[in-house]
Amino acid sequence: MGGRVTAVCCTFLLVLLANVASAQQKIGDPPEASNMRLVGTSDLQARSAYQPTIHHQGDRWIAYIGHHGGTDDIPDPVNPMTGKAEPNGTSIVDVTDPAHPKYLRHIPGQEGKYESGGAQMVRICDGKDLPKGDRNAVYMLRTFGSEAHEIWNVADPANPVLVTRIGGLKDTHKNFWECETGIAFLVSGAPDWRTRRMTQIYDLSDPAQPKKIRDFGLPGQEPGATGAVPTELHGPISTGPKSNRVYFGYGTDKGGFLQIVDREKLLNGSKEPTPDNLKFPEIARMPLSAMNGAHTVFPMPDIPIAEFAHDKDGKSRDIVMIVDEAIQNECGEARQMVWFADVTTEARPMLISSYTVPEASGAFCERGGRFGSHSSNESMAPIYYKKLAFIAFFNAGVRVLDIRDPYHPREVGYFIPAITAATDKRCVTIDGKDRCKVAIQTNNVETDERGYIYAVDRANTGLHILELTGAARAVAGLP
């Protein structure tokens, strides 16, 4: 018996030591992976990256990647293509050959550091899909730091042309654009509203002639309101006119909630931002705990649940995946996670499951930087939709979830990139002094219709293009 206990203790110690060792990443250490393989990389000029959007453009595949502002050490990185120091903005990368991505252009964003500069958000629509667009154009909608939204024609992605600008704002963030209608839900900070971020809805069916439809937010945020101000918006996703729903995520990492809105009532209801008019299109609001919020709210309607196949009712369920955002370095807050809500009965949504990376599997609180969820892929292409979800988990890299049974999501793969000489430090203050560590900070992730996965790094490590292998590939039904 004593020998067995000793063996168990020794095994536990070895696992613990391995985890601690893995927490101390160094340049030259290999990536950590399961059922995922690195296909190609781009350093993105060592710029802190946010949203990647991958677009099939003729016979090419182009990645449009938004960036946060610069850092204290390097506020304006040098663009090797121009030889000039440029504020972080938008990277345009040809990923037709994912093993050899080709950097085409950097469009500078707003001067500023971290969240105060750059051009974080990117969406793309073909002119031929927009009701009134130039059929030969490809339009890129991007934020411009805290002050504006811009639309560029990127039909020639190496030579983009500015089309129009919606300015005069105090903040911007995670927009959504319906290509089939041209309706855009622009996350903005309107100067007269009482919150940093709310929604401005525009008709961008003709990108050269933007037409404002209305402002929208929560009662108490509107101009002239008094009392407490409700938590700010992070971002919406619309299902378009067919499903007639818009899903809004509020709160980011604390006191957040999911809001389900009737799209038709939102667009065509009374526009004056009175409390009654702001409440009118709301179908339901599902609060999260005081410790959690909603960065990304991703709708997945009509998922067949194998366990319920013989039940009289509820064989399929409407699901929304809610992804929180970790904010503090080295686990300095409650764990931010992935949550699954059953919204089949829309007026009474309920949480049914959750997912997090086990901290002990990589000693992630010790690695430095943020540990916790941030965002998911948002492509609804059939290759992965309602089968696999890809979650950016900061220093735990990309995590692959089998979501075919959202009541029991399970991890089937992961990839943690290797740090490089460009990877930036992340610090915490201990007894008045900064303690800094260098760690991967996988920030956002997206997929394309070919099946490649694109992960970008908040700490300047660049773009990682991945593909599935093994059991994860089998879940997607890929050869």
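Here the structure is a predicted model, which is why all the values come from computation and not from measurement.
Applying the salt bridge (charged side-chain N to carboxylate O under 4.0 Å, His left out) test between Arg370 and each of Glu325, Glu330, Glu333 identifies Glu325 as the sole match. The side chain to side chain donor-acceptor pair (under 3.5 Å) test with Gln120 singles out one residue from Lys174, Glu115, Arg142, and that residue is Glu115.
In the displayed structure, Lys254 atom NZ is contacted under 6.0 Å by at most 12 heavy atoms of other residues, nucleotides or ligands. The number of heavy-atom neighbours closer than 6.0 Å to CD of Glu449, taken from other residues, nucleotides and ligands shown, is 12 or below.
Here the CD1 atom belonging to Ile352 is positioned 9.0 Å from the NE2 atom belonging to His408, to the nearest 0.5 angstrom.
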Checklist entry - For Asn377 and Ser379, what are the C-alpha separation, side-chain angles and deciding distance, and is it a side chain to side chain donor-acceptor pair (under 3.5 Å)? => result CA-CA 6 Å; Asn377 66 304; Ser379 171; 5.7 Å; no
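A donor-acceptor pair is defined here as one N or O able to donate and one able to accept, closer than 3.5 Å; no such pair exists between the side chain of Ser188 and the backbone of Ala190. Tyr355 places no side-chain N or O within donor-acceptor distance of the main-chain N or O of Met337, the cut-off being under 3.5 Å. At least one donor-acceptor pair under 3.5 Å links the side chain of Ser48 to the backbone N or O of Arg458. Although no hydrogens or angles enter the test, the distance criterion places a donor-acceptor pair under 3.5 Å between the side chain of Thr172 and the main chain of Gly145. Between the side chain of Ser373 and the backbone N or O of Gln336, at least one donor-acceptor pair lies under 3.5 Å. Looking only at distances, no side-chain donor or acceptor of Asp311 sits under 3.5 Å from a matching main-chain atom of Asp313. Checking side-chain atoms of Ser289 against main-chain N and O of Met291 turns up a donor-acceptor pair under 3.5 Å.
Ring pair Phe216/Phe248: centre-to-centre distance below 6.0 Å.
Applying the salt bridge (Lys or Arg N to Asp or Glu O under 4.0 Å) test to pairs two or more places apart or on separate chains, those with a residue in residues 461-473 are Arg37-Glu467.
Salt-bridge annotation for Glu32 and Arg367: present, with a side-chain N of the basic residue lying under 4.0 Å from a carboxylate O of the acidic one. Salt bridge status for Glu180 with Lys242: absent, with no side-chain N to carboxylate O gap under 4.0 Å.
Ring geometry, His234 versus His295: the interplanar angle falls from 30° to 60°, so the pair is classed tilted.
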